[in-house]
2 protein chains.
Amino acid sequence: MTSTSRKTEDPATAPSIAGARPTRQRRAVASALQSFDDFRSAQDIHDLLRRSGENVGLSTVYRTLQALADNGDVDMLRTEEGEAIYRRCSTSHHHHLVCRACGRTVEVEGPAVEKWSDSVAAQHGFTDVSHTLEIFGTCPTCA
Amino acid sequence: MTSTSRKTEDPATAPSIAGARPTRQRRAVASALQSFDDFRSAQDIHDLLRRSGENVGLSTVYRTLQALADNGDVDMLRTEEGEAIYRRCSTSHHHHLVCRACGRTVEVEGPAVEKWSDSVAAQHGFTDVSHTLEIFGTCPTCA
DNA sequence: TTCTTCATGAGAATCATTCTCAATGCGATT
DNA sequence: AATCGCATTGAGAATGATTCTCATGAAGAA
């Protein structure tokens with residue numbers, strides 16, 4: 001690597017990791033996340049970056065995605081096969097209706113579900129509660 | 001997945017695989033599943049068998065558990081790390097409240113959730129719908 | 001028993017993910 | 001600009017769960 005030209009970018013659009021250095025790689029991952037709407041695996045995102053000319057190591061993609069997920073800046077969920085997939089996060093807590101075939105995603109909210117799961121957990125004395133709720137199906141286009 | 005296809009099968013307590021030979025190994029796995037109440041990984045169950053004298057290959061444990069899960073004879077879910085864990089199935093469709101620390105499990109039902117997720121999926125034209133809903137927390141004993 | 005087919009298991013292969021650690025980049029400070 | 005300190009990077013190795021291969025073994029039928 002020879003020349004490293006410094007480009008001025010707008011810092012507000014893409015998510016950044018709190019207390020971390022805004023490196024080229026992290027910006028690239030954050031920006032890649034803005035370029036699709038469905039859930040993608042870390043490897044998919046890595047390929048995407050490579051194909052778009054940005055060279056970012058696979059380890060770094062994993063690390064960055066995890067940091068973003070921990071920070072609540074991206075949604076992370078698991079396919080039925082257990083693979084982690086990521087997607088840029090809209091605002092609040094929500095769940096997903098995901099097409100098994102094409103990955104198309106619809107965000108859905110279920111306030112009742114939230115309350116229900118919290119109350120069920122409380123009834124049994126469980127604390128520090130979290131839950132996962134994802135709906136998988138075949139979307140009309142793929143059917 | 002709301003199908004309730006009742007086939008008349010063996011009335012015994014331990015599940016068997018439809019259209020498969022009842023071998024020593026499959027019986028051993030099915031019986032091991034009766035010996036615990038929480039969720040265990042395939043490898044855990046393999047160890048359990050080995051320690052109890054039954055020699056069953058790891059591949060066979062995986063194959064058998066998968067077949068049983070496909071058949072709806074055991075519950076299979078994934079930890080937050082994506083590892084598959086299994087447990088003997090009680091009767092109908094239900095969800096779980098699982099202790100992150102000790103694995104203790106409480107089965108819970110949420111008829112409202114079922115209806116809600118089916119209707120949400122239908123609203124968006126999704127078919128062949130399945131959903132996952134698990135609650136993780138810390139149980140009173142472990143807190 | 002003999003035959004046909006399914007099941008088993010030891011180890012290799014696969015696949016996602018994590019780890020290692022030397023080299024590099026960032027930013028604050030001279 | 002030169003420099004120091006430390007977070008970050010990335011290539012490849014390591015890990016760990018799961019699946020596959022295929023020669024051998026067991027089950028049921030004829």
Side-chain angles (χ1 to χ4, degrees), chain A residues 1-9 11 15-32 39-51 53-71 74 76-87 103, chain B residues 10 15-32 39-71 74 76-87 103:
Chain A
M1 282 173 275
T2 11
S3 63
T4 312
S5 56
R6 202 67 64 82
K7 296 166 205 161
T8 10
E9 291 192 35
S16 63
I17 301 166
R21 292 178 186 167
T23 63
R24 174 184 67 79
Q25 290 87 339
R26 289 188 208 193
R27 263 189 300 255
V29 170
S31 140
F39 280 90
R40 305 278 179 97
S41 72
Q43 315 232 21
D44 286 346
I45 295 172
H46 178 246
D47 282 356
L48 214 86
L49 286 166
R50 175 140 299 170
R51 241 179 259 115
E54 285 287 358
N55 243 59
V56 182
L58 183 55
S59 309
T60 301
V61 173
Y62 271 105
R63 273 188 295 240
T64 305
L65 251 18
Q66 267 174 194
L68 287 170
D70 284 352
N71 225 45
V74 298
M76 187 260 252
L77 62 87
R78 290 187 182 276
T79 65
E80 290 174 332
E81 287 77 40
E83 188 183 7
I85 49 180
Y86 302 85
R87 188 199 175 185
Chain B
D10 67 3
S16 64
I17 301 167
R21 293 174 185 170
T23 63
R24 173 183 67 79
Q25 290 87 338
R26 287 182 192 174
R27 262 189 300 256
V29 171
S31 139
F39 281 90
R40 306 278 178 98
S41 72
Q43 314 231 22
D44 286 345
I45 295 172
H46 179 245
D47 282 356
L48 213 86
L49 286 166
R50 176 139 298 169
R51 241 178 258 117
S52 80
E54 286 287 357
N55 242 58
V56 182
L58 182 56
S59 308
T60 301
V61 173
Y62 271 105
R63 271 188 298 242
T64 304
L65 286 172
Q66 266 174 196
L68 288 170
D70 285 351
N71 224 44
V74 298
M76 186 261 252
L77 62 87
R78 292 188 180 275
T79 65
E80 291 175 330
E81 287 76 41
E83 188 183 5
I85 48 179
Y86 303 85
R87 189 200 175 186

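Everything numeric here is computed off the predicted structure, so don't read it as measured data. Scope of the values below: all heavy atoms of this structure, side chains included, with no hydrogens, waters or symmetry mates. Each chain gets a letter, A, B and so on, in the order the sequences are listed, and its residues count up from 1.
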Sugar-phosphate only, base, or nothing, as touched by E81(A) at under 4.0 Å among non-hydrogen atoms: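 Contact class for E81(A): none.
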
Nucleotide nearest Q43(A) (side chain, heavy atoms from C-beta), chosen from dA16(C), dT9(D), dA7(C):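 Given the options dA16(C), dT9(D), dA7(C), the side chain of Q43(A) is closest to dA16(C).
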
Report the distance from atom [atom1] of [X] to atom [atom2] of [N], rounded to the nearest whole Å.
{"X": "H46(B)", "N": "dT19(D)", "atom1": "NE2", "atom2": "C1'", "value": "15 Å"}
{"X": "E54(B)", "N": "dG9(C)", "atom1": "CD", "atom2": "C1'", "value": "15 Å"}
{"X": "R78(B)", "N": "dT17(C)", "atom1": "CZ", "atom2": "P", "value": "11 Å"}
{"X": "R40(B)", "N": "dA17(D)", "atom1": "CZ", "atom2": "C1'", "value": "18 Å"}
{"X": "L68(A)", "N": "dT8(D)", "atom1": "CG", "atom2": "C1'", "value": "15 Å"}
{"X": "E80(A)", "N": "dT18(D)", "atom1": "CD", "atom2": "P", "value": "16 Å"}
{"X": "M76(B)", "N": "dA17(D)", "atom1": "CE", "atom2": "P", "value": "15 Å"}

Partner residues of R78(A) under the salt bridge (charged side-chain N to carboxylate O under 4.0 Å, His left out) criterion, sequence neighbours left out: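 Here no residue qualifies.
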
Which residues share a salt bridge (charged side-chain N to carboxylate O under 4.0 Å, His left out) with R40(A), sequence neighbours left out: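 Residues passing salt bridge (charged side-chain N to carboxylate O under 4.0 Å, His left out) with R40(A): D38(A).
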
Test side-chain contact (heavy atoms from CB on, under 4.5 Å) applied to S41(A) - qualifying residues, sequence neighbours left out: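 S41(A) satisfies side-chain contact (heavy atoms from CB on, under 4.5 Å) with Q43(A), D44(A), E83(A), I85(A) once adjacent residues are dropped.
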
dT17(C) OP1/OP2 closer than 4.0 Å to side-chain N/O of Y62(A):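 Yes, Y62(A) has a side-chain N/O under 4.0 Å of OP1/OP2 on dT17(C).
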
Side-chain N,O (Q25(B)) to OP1/OP2 (dG9(C)) below 4.0 Å: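 Indeed, a polar side-chain atom of Q25(B) lies that close.
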
Closest-nucleotide ordering on DNA chain D, the 5'-leading residue of N55(A) and S41(B):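 Nearer the 5' end of the strand: N55(A).
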
First encountered from the 5' end of DNA chain D, between E83(B) and L58(A):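 In this pair, the answer is L58(A).
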
Annotated protein contacts, base or backbone, on nucleotides 20-30 of chain D with a non-hydrogen cut-off under 4.0 Å, one of B, S, - each: B-----BB---

Could you list the donor-acceptor pairs under 3.5 angstrom formed between side-chain atoms of residues 48-58 of chain B and any protein atom two or more places apart in sequence or on another chain?
unit_1, atom_1, unit_2, atom_2, d
S52(B), OG, L49(B), O, 3.0
E54(B), OE1, R24(B), NH1, 3.1

L65(A) side, atom CG; R63(A) side, atom CZ - distance, nearest 0.5 Å: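 Those atoms lie 12.0 Å apart.
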
Residue list, ring-ring contact (aromatic ring centres under 6.0 Å, His included) with Y86(A), at least two apart or on another chain: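 For Y86(A), no residue satisfies ring-ring contact (aromatic ring centres under 6.0 Å, His included) once neighbours in sequence are set aside.
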
Flag, side chain of R27(B) to backbone of P22(B), donor-acceptor distance under 3.5 Å: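 Yes; judged by distance alone, with no hydrogens or angles, the pair exists.
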
